[in-house]
Amino acid sequence: MAGSALKRCPLEGRVIVITSGKGGVGKTTATASIGAALALEGKQVAVVDMDIGLRNLDVVMGLENRIVFNVVDAAKGKCKIKQAAIKDRRIENLYLIPASQSDNKDILTPEAMVRLCKELRKEFDYILLDCPAGIERGFENSVAPADEAVVICTPEVSSVRDADRVIGLLYARSITPRLIVNRIVPEMVENGDMLSHEDVVEVLSVELLGLVQLDNQVVISTNTGVPLVLQKDSEAGQAFRRIAQRLDGQEDLPIEIPQTQKSFWKKLGIIIGIGK
């Protein structure tokens, strides 16, 4: 964090694990996007890559060339938190603590992460832990210090099944999860070729935090390192901004349901009395 000092938070920060069980559902994009959106709201935010050996959060954030220390170094006391935390290039108050690429998941322990997050709470309003896929050591390390959990699920049977397993494990640890349904394709939902978000919520029986439409801008964001939430033409980016606002206390903010142009005009027709 050369050239920048962390501002101490007046209250202890919230540690939120972002998980899913299944890989490839968009956890890392969600972590980066929610973190960036919270920072845009003026919060001090640290996003932590917990995928030891296979880090990706640094690439998504365009910070891969600035890594010196990582979460393992910080947890083991080889460096100070401020040495491991990399300041984002575009958004004030947003920091990345990257994963180690040369270690394996067994190098960290849940106890070490609890100690590290205790220190992070003093410096940040939000600490977002990007949990690796699976329910083994990486999962245990990520959930041990967490106050809250956000479960990412896509509208696929396999994703819902894995999310259900993870939700059970979170409840067993007295962590109440909230749900994001990601990569929704409205046309497929309308045609009955994809589960609706109502189907997913009914199966999982957890509070819905937000709905995110499948968006090609995600690929562009990942390849360029430009935060998705800064792209005003990105449906997903705007959805993640609303999700961050709900996390930050704006609970009455309505959840927008992705829909096709056809369904929009049909709904409008019903409202003004020209449709059925």
Side-chain angles (χ1 to χ4, degrees), residues 1-2 4-20 27-28 30-32 34-36 38-39 43-61 63-64 66-88 93-150 166 169-170 173-177 247:
M1 290 185 314
S4 177
L6 288 175
K7 298 176 182 177
R8 187 170 295 276
C9 296
L11 300 172
E12 283 201 345
R14 294 161 59 184
V15 178
I16 303 175
V17 61
I18 298 180
T19 184
S20 69
K27 286 191 304 292
T28 297
T31 304
I34 294 170
L38 286 168
K43 306 301 180 182
Q44 288 281 122
V45 182
V47 293
V48 184
D49 192 340
M50 295 298 295
D51 200 356
I52 309 301
L54 291 171
R55 69 185 183 210
N56 284 307
L57 193 51
D58 56 309
V59 175
V60 170
M61 296 177 67
L63 299 173
E64 66 272 19
R66 295 172 55 191
I67 296 174
V68 178
F69 296 104
N70 56 60
V71 65
V72 173
D73 296 324
K76 289 186 166 295
K78 294 181 180 179
C79 70
K80 296 179 180 179
I81 289 174
K82 66 180 181 180
Q83 292 175 299
I86 305 167
K87 189 177 186 302
D88 189 79
N93 305 331
L94 178 61
Y95 295 83
L96 163 70
I97 299 179
S100 167
Q101 228 173 359
S102 57
D103 294 300
N104 61 52
K105 290 179 175 63
D106 294 331
I107 196 73
L108 277 181
T109 64
E111 294 76 17
M113 283 307 303
V114 170
R115 290 193 298 270
L116 177 61
C117 285
K118 184 178 180 180
E119 295 304 311
L120 289 170
R121 291 175 192 272
K122 300 173 184 177
E123 308 287 353
F124 296 96
D125 297 302
Y126 289 93
I127 301 97
L128 306 183
L129 305 180
D130 183 14
C131 182
I135 53 174
E136 298 175 346
R137 175 57 72 86
F139 175 81
E140 296 293 341
N141 290 339
S142 301
V143 301
D147 307 308
E148 308 164 50
V150 173
V166 163
L169 294 173
L170 291 167
R173 290 160 175 78
S174 300
I175 300 173
T176 301
L247 275 176

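None of these values were measured; they are calculated from a predicted model. Counting begins at 1 with the first residue of the sequence.
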SB check [X] [Y] (cutoff 4.0 Å):
X      : Y      : value
Lys82  : Glu119 : no
Glu12  : Lys122 : no
Arg121 : Asp147 : yes

Hey, does [Y] have a side-chain heavy atom less than 4.5 Å from the side chain of [X]?
X      : Y      : result
Pro132 : Met50  : yes
Leu116 : Ile81  : yes
Thr109 : Met113 : no
Ile34  : Val47  : no
Ile86  : Pro98  : yes
Val15  : Glu148 : no
Val17  : Phe139 : no
Val48  : Leu128 : no

Mark yes or no for whether [X], through its side chain, and [Y], through its backbone, hold a donor-acceptor pair below 3.5 Å.
X      : Y      : result
Asp125 : Gly13  : no
Glu123 : Leu120 : no
Asp49  : Asn56  : yes
Arg66  : Lys87  : yes

Give me the atom names and distance for the closest heavy-atom approach of [X] to [Y].
X      : Y     : value
Phe124 : Val45 : CD2-C, 3.5 Å
Leu108 : Ala75 : CD2-CB, 3.5 Å
Leu94  : Ala36 : CD2-CA, 3.8 Å
Gln44  : Tyr95 : NE2-CE1, 4.1 Å

Item checked: side chain to side chain contact (heavy atoms under 4.5 Å, CB included) between Gln83 and Val68, intermediate numbers included -> CA-CA 8 Å; Gln83 292 175 299; Val68 178; over 6 Å; no
Next item on the list: In sequence, state the C-alpha distance, the side-chain angles, and the governing distance for Ile97 and Phe69, and then conclude on side chain to side chain contact (heavy atoms under 4.5 Å, CB included).
Entry: CA-CA 8 Å; Ile97 299 179; Phe69 296 104; over 6 Å; no
Rounded to the nearest 0.5 Å, how far apart are [atom1] of [X] and [atom2] of [Y]?
X      : Y      : atom1 : atom2 : value
Leu129 : Asp51  : CG    : CG    : 12.5 Å
Arg173 : Ile175 : CZ    : CD1   : 7.5 Å
Asn70  : Lys78  : CG    : NZ    : 8.5 Å
Gln101 : Asp58  : CD    : CG    : 7.0 Å
Ile16  : Ser142 : CD1   : OG    : 13.5 Å
Leu169 : Glu140 : CG    : CD    : 7.5 Å

Check: How about Asp130 and Thr28: does a side-chain donor come under 3.5 Å of a side-chain acceptor?
Finding: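 Yes, a side-chain donor-acceptor pair sits under 3.5 Å.
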